[in-house]
Amino acid sequence: MADITSPEEAWEIIDDAIARKKAIADGESAAPFTTEENLRVYTCVYHLCNYKWKTSCKDQVYEKYTHILEERIMEKAIPKLLGKHGASLLTEVTKSWSDFKAFADSIFKFFLPLDRFCNRSFLDKVLPELVDTPRLWFCKLVCERLYGKIQEAAMNLVIQDREGKEIDRNILYSVFKFFLDLGEKGTTNYYAKFEQVLLAETSVYYSELSMEWWFWRDSYANYLRKVDWCLVQEEARADVYPCESTKEKLLMVMKYILLERNAKRWTQKLKADGVRAEDEELVRKYDSLSLNGDFFASAVLGSE
């Protein structure tokens, strides 16, 4: 491997490598990198950061790295996302994240010397870890801009599924996994944010069903059959949530809304109507239900 003689040559090698990585990511005809080529680009970054040529260019290298990430998002992700709504928006945002993450992973090793030489402080800002930088830029440029539309589209699919309309649950799983991938370190915890909205919307949805369709119109046993059916259906739909805790919270909110909240009234109705022999097992199934009412406020409102 020929020696790198100047910072100008190093920058040129880095620029050529990034252009080639972009071409590969875009499916253009470009040869894959050999181990020697990868090492050469890494060496360029290393020399620029470690005073090889009497002065360190680590700050400029970091700016170069973040500019590459920002440019990639603005050129490839944003144009495809603007103007999209509903399921098509969800499909595109998860694909854009997957494509961007693959590109960021492909250049990550080039810039590893930054983690060694950067002092994590630049232009009065604390720099994130190199591994976190792509995620933070995607959050900044995409999620902060489009989260409201993404949340609305995802909730609309949840409601359509709940109402028996045919949807692609793989889309929901992908967007929930996308929120989870974004994490919470140094940015908004988008999964927790969406989960809070999901629980609040669930409480509203089943409150309306309880009050408008069923309340005072059925015997307690008939009401329980409907509750039981809804819980079974919701539990099956909840398989799209990557976190088991989300499913547990969802079912607890439902049980609170449909049963615990009006427990005294239903107890009175049960005493007044009595229980037929064929309904005893169903009534017994929920007779011992005991929920902590404080959980509902915590889960839905985000309080401790």
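Side chains are part of it too, since the values below use all heavy atoms of this structure and drop only hydrogens, waters and symmetry mates. Worth saying up front: this structure is predicted, and the values here are computed from it rather than measured.
Within the 4.5 Å cutoff, the side chain of I14 has no heavy atoms near those of the Y65 side chain. At least one side-chain heavy atom of M155 sits under 4.5 Å from a side-chain heavy atom of V158. Side-chain contact between S174 and L90 is absent, with no heavy atoms from C-beta onward closer than 4.5 Å. Residues P113 and N50 are not in side-chain contact: their nearest non-hydrogen atoms beyond the backbone lie 4.5 Å or more apart. Counting heavy atoms from C-beta on, the side chains of T34 and E37 come closer than 4.5 Å. N222 is listed as a side-chain neighbour of R225, based on a closest heavy-atom distance under 4.5 Å. A 4.5 Å side-chain heavy-atom check between E195 and F179 finds every atom pair outside the cut-off. By the 4.5 Å heavy-atom criterion applied to side chains, V240 and D161 are not counted as neighbours.
Listed by chain and number, the residues in a salt bridge (Lys or Arg N to Asp or Glu O under 4.0 Å) with E163 are K165 (sequence neighbours excluded). When the side chain to side chain donor-acceptor pair (under 3.5 Å) test is applied to R162, the partners found at least two apart in sequence or on another chain are T202, E234. In this structure D105 satisfies the salt bridge (Lys or Arg N to Asp or Glu O under 4.0 Å) test with no other residue, sequence neighbours excluded. Considering only residues two or more places apart in sequence or on other chains, D15 meets the side chain to side chain donor-acceptor pair (under 3.5 Å) condition with K64.
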Could you tabulate the donor-acceptor pairs under 3.5 Å formed by side-chain atoms of residues 136-152, not counting sequence neighbours?
unit_1	atom_1	unit_2	atom_2	d
Y147	OH	Q151	OE1	3.0
Y147	OH	F194	N	3.4
K149	NZ	K84	O	3.2

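Figure legend: cation-pi geometry between K21 and F33, with NZ or CZ positioned under 6.0 Å from the six-membered ring centre and within 45° of its axis.
Between the Q233 side chain and the C230 main chain, no donor and acceptor come within less than 3.5 Å of each other. Remark: side-chain polar atoms of R20 are paired, donor with acceptor, to backbone N or O of A31 under 3.5 angstrom. Distance alone, capped at 3.5 Å, places no donor-acceptor pair between the S96 side chain and the V93 backbone. In this structure, the side chain of T66 engages the main chain of Y62 through a donor-acceptor pair within 3.5 Å.
Y256 and S203 share no side-chain donor-acceptor pair at under 3.5 Å.
Aromatic ring orientation, Y46 versus Y42: parallel (interplanar angle below 30°, classes split at 30° and 60°). Between F176 and Y241, the two ring planes are tilted [angle within 30° to 60°].
Among residue pairs with one or both ends in residues 86-99, those qualifying as salt bridge (Lys or Arg N to Asp or Glu O under 4.0 Å) are K95-D99; sequence neighbours excluded.
The minimum heavy-atom distance linking A154 with L172 is given by the pair O-CD2, 3.6 Å. Taking all atoms of both residues into account, the shortest heavy-atom contact from D181 to K101 is OD2-NZ, 3.6 Å. Shortest non-hydrogen contact noted between Y206 and I257 is C-CG2, 3.7 Å.
Using a 4.0 Å cut-off between a side-chain N of Lys or Arg and a carboxylate O of Asp or Glu, R135 and D132 qualify as a salt bridge.
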